[in-house]
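First comes the structure, then the notes that go with it.
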Amino acid sequence: MAEPKSNELMEKIVSLCKRRGFIYQSSEIYGGINGFWDYGPLGAELKRHVKDAWWKTMVRLRDDVAGLEATIIMSPKIWQASGHVDTFSDPMIDCKTCKGRFRADQTDEIPCPQKPSKCVNECHGEKTEPRAFNLMFQTYVGPVQDDSSVAYLRPETAQAIFAQFKNVLETSRQRVPFGIAQIGKAFRNEVTPRNYTFRSREFEQMELEFFIRPDEVVEAICGGVAKPEGDGHPGDPQPNWGWQLWHKYWVEERIRFYEGIGLPRNTLVEYWQTRQELAHYARATVDILYKFPFSKRDEKGELKGEELEGIAARSDFDLSQHERFSGKPMGVFDEELRVAWKNLDQAKQDELWKRYYEARKGYLERSGVDAEQASKDATEDADGLARGQYIPHVIEPSAGVDRLILALIADAYSEVTETDPKGKSETRVILKFHPRVAPIKVAVLPLLKNKPELVAKAMQVFNTLRREMNAYYDDGGSIGRRYARQDEAGTPFCVTIDFETLEGMKDGEWAGQTDTVTLRHRDGGRQERVKISEVLPVLLERVR
Ligand code: GAP
């Protein structure tokens, strides 16, 4: 784990994660494997809650998104169509002296294998010209290992969504605009995995492909395309939204999501990629950055932030590529367009036809189709408008689970120093996770473990709560120690069963007069008396 010595906060976070069972180095007993990380008991719960929150927000609470869970290994043709086989690479240079291989754009930050503590620039060996190094992990399918059995571990989850677009459309009863969401593992043979889990070789993504009508279709149906006005969330989706408003909508929705799980807006940066940075098919891409402790600083000393998520307006590039490579039509039929088209006057039809034709021709030519063929195919595509046919465009919010976990831990990390009556000071850690993502939602603590009535009541409360949320039972050590342990795990609530609780007991049976427990809040340490019957609803309201 090569963290820079200067970054004290990162060092503390890495050490806490190991000590409390959030994150371990993969294969640690064998010396580890660079770029791979395991999640321990608390990390696994945190990750699960983050993915559940995303799925709930992006799929369950929406009428216009359906879910998918596809395989990691898919037909290698998918990666030819997507462009990953040809272009998913980093420029690499080799050093002829130390034989090291480095990313051409990062030579000042990479250790030289001969002198690992030094940077490559200190090795003045002659370097080769940059060469492309493909980042996909390769494997073989079946018993024969030759060119015909080569397959890849997916470098993103998105392509399966495009490949299954037609199946989902037909089986989910969705119509454009609608989205398909997927959470799953992705693999990239990163040349320089670094910054703890931030750049890993195996990681998880949460991706949505949201399919929309091309602007020409919106205009044909609605008579015009609404343009974004002012800052902020544009409100509920409207039929006259084109790609710009849908893109803005998803940027704002995603920022709301982060706020809803405890990352305040001022920890995030909305970065609009410049024209030079944009992929050739993308119309706009906004990266949502989080100000990680290891982020570089700008000239004012402010953290610049590192990418958590990218939200790209990808035109109809992906579906078009799969249509060309698979030979299967990826277009949709839209009855509203067919009807609207008939009612347009000739001049409007011609104008929209021409714009759609130009866009399709441009895509085909950029994809290597010769000009004559591109013109013929684009004509066919534009003629389809009159029949209600088109290839949907897509807006893609694509987030990394592991980067979000790291951001949440970094953001939650805080320390308090307390001094006891004897004047002894102790600094301890509190992880201030939002209750929605906290690994443990509630700890149930009998005040004393040798009082059977307290233990029985505590077990009863615990068994009720654990059915609904991740609850933890702890009867070891002083109550103060137990609270501190839960603070360090980021548990937002503790329920303590004490003697006042027992006042509700009569002849060993629950008589229910007082029936209260202490509900202790992690943040601020506030304690309140709550009826046992109210504990579950009170907690559910905060953790959901
Ligand atoms: N389908 C689009 C796509 O994959 P990307 O920007 O390459 O876009 C999306 O990846 C997100 O996946 C990133 O914003 C990041 O959160 C996460 N991610 C990408 N590479 C990663 C890596 N090596 N380690 C951890 N997370 C990564």
Side-chain angles (χ1 to χ4, degrees), residues 23 26 33-39 47 50-51 54 68 70 72 74 78-79 81-84 87-90 103 106 133-137 152-163 165 179-210 247 250-251 254-255 257-258 263 268-271 273 277-279 281-282 284-290 292 294-295 305-315 317-319 321-322 394-410:
I23 300 171
S26 165
I33 170 167
N34 201 7
F36 296 86
W37 300 93
D38 293 340
Y39 288 82
K47 216 174 180 199
V50 164
K51 290 190 283 184
W54 187 90
L68 179 71
I72 285 168
M74 300 184 280
I78 286 189
W79 307 111
S82 68
H84 284 81
T87 60
F88 192 57
S89 54
D90 277 340
R103 258 175 75 164
Q106 288 176 359
F133 170 81
N134 196 293
L135 300 184
M136 283 196 293
F137 280 102
Y152 304 98
L153 304 193
R154 67 182 177 200
E156 60 172 24
T157 62
Q159 292 305 320
I161 296 180
F162 298 121
F165 168 72
I180 305 175
Q182 178 167 222
I183 298 178
K185 290 272 189 180
F187 302 82
R188 297 183 189 178
N189 197 2
E190 298 284 0
V191 181
T192 48
R194 58 183 174 160
N195 286 330
Y196 199 24
T197 57
F198 180 83
R199 180 170 292 141
S200 306
R201 288 178 165 142
E202 175 174 342
F203 54 97
E204 268 187 287
Q205 291 185 315
M206 306 183 283
E207 297 201 291
L208 170 70
E209 303 301 328
F210 196 83
H247 184 238
W250 278 113
V251 171
R254 297 301 304 139
I255 291 175
F257 170 78
Y258 289 119
L263 290 185
L268 303 173
V269 177
E270 204 180 297
Y271 175 75
Q273 287 190 9
E277 290 168 313
L278 281 179
Y281 46 80
T285 298
V286 169
D287 290 335
I288 298 180
L289 317 181
Y290 174 75
F292 285 98
F294 51 75
S295 300
E306 305 285 336
E307 182 184 328
L308 268 189
E309 165 159 1
I311 301 146
R314 295 174 63 94
S315 70
F317 175 77
D318 304 277
L319 288 180
Q321 287 289 99
H322 287 298
V394 75
I395 308 290
E396 178 196 66
S398 168
V401 181
D402 309 77
R403 288 189 185 178
L404 179 50
I405 297 295
L406 191 52
L408 289 168
I409 294 174

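Both ligands and their constituent atoms are indexed starting at 1 by order of listing. Residue numbers run from 1 in the order of the sequence given.
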Go through Phe294 and Tyr196 one step at a time and tell me if the ring pair (Phe, Tyr, Trp, His ring centres under 6.0 Å) criterion holds. CA-CA 10 Å; Phe294 51 75; Tyr196 199 24; 9.0 Å; no

Is there a side-chain contact (heavy atoms from CB on, under 4.5 Å) between Met206 and Leu404 once you walk through the steps? CA-CA 10 Å; Met206 306 183 283; Leu404 179 50; 4.0 Å; yes

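Under a cutoff of 6.0 Å and an axis angle of 45°, Arg254 and Tyr258 form a cation-pi pair.
Heavy atoms of Glu396 found under 4.0 angstrom from ligand 1 belong exclusively to the side chain. Contacts between Arg199 and ligand 1, counted as non-hydrogen atom pairs separated by less than 4.0 Å, involve both the backbone and the side chain. Only side-chain heavy atoms of Ala158 come within less than 4.0 Å of ligand 1; its backbone N, CA, C and O stay farther off.
Scanning the protein heavy atoms around atom 15 (C) of ligand 1, the nearest turns out to be Arg403 NH1, 3.5 Å. In this structure, the protein non-hydrogen atom closest to atom 18 (N) of ligand 1 is Phe203 CE1, 3.5 Å. Atom 9 (C) of ligand 1 has as its closest protein heavy atom Ser398 OG, 3.0 Å. Atom 17 (C) of ligand 1 has Gly400 CA, 3.7 Å as its closest protein atom, hydrogens excluded (heavy atom only). The protein heavy-atom contact nearest to atom 25 (C) of ligand 1 is Phe198 O, 3.1 Å.
One distance of note links CZ of Arg188 with CZ of Arg201; it measures 13.5 Å at 0.5 Å rounding. For the atom pair Gln205 CD and Arg154 CZ, the distance stands at 8.0 Å (nearest 0.5 Å).
Counting all heavy atoms, side chain and backbone alike, Trp54 lies closest to Leu208 at CZ2-N, 4.1 Å. In this structure, Ala313 and Ile395 approach most closely via the heavy-atom pair CB-CD1, 3.8 Å. Nearest heavy-atom pair across Phe88 and Pro155 is CE2-CB, 3.6 Å. Contact record, Thr197 with Asp402: OG1-O, 4.0 Å, taken as the closest heavy-atom pair.
With distances taken over non-hydrogen atoms, the option nearest atom 10 (O) of ligand 1 out of Glu204, Gln205, Glu156 is Gln205. Among Arg194, Glu202, Glu307, Arg188, the residue whose heavy atom sits closest to atom 14 (O) of ligand 1 is Glu307.
Between Glu190 and ligand 1, at least one pair of N/O atoms sits closer than 3.5 Å.
Below 4.0 Å from some heavy atom of Glu207 lie the following atoms of ligand 1, by number and element: 1 (N), 2 (C), 3 (C), 4 (O). The distance from ligand 1 to the heavy atoms of Glu309 drops below 4.0 Å at these ligand atoms: 14 (O). Atoms of ligand 1 found under 4.0 Å from any heavy atom of Ser200, numbered from 1 in the order shown, are 22 (C), 23 (N), 24 (N), 25 (C).
Ligand 1 has Leu308 within reach: a non-hydrogen atom of the residue lies less than 4.0 Å from it.
Using a 4.5 Å heavy-atom cutoff, the side chains of Phe133 and Asn189 are in contact.
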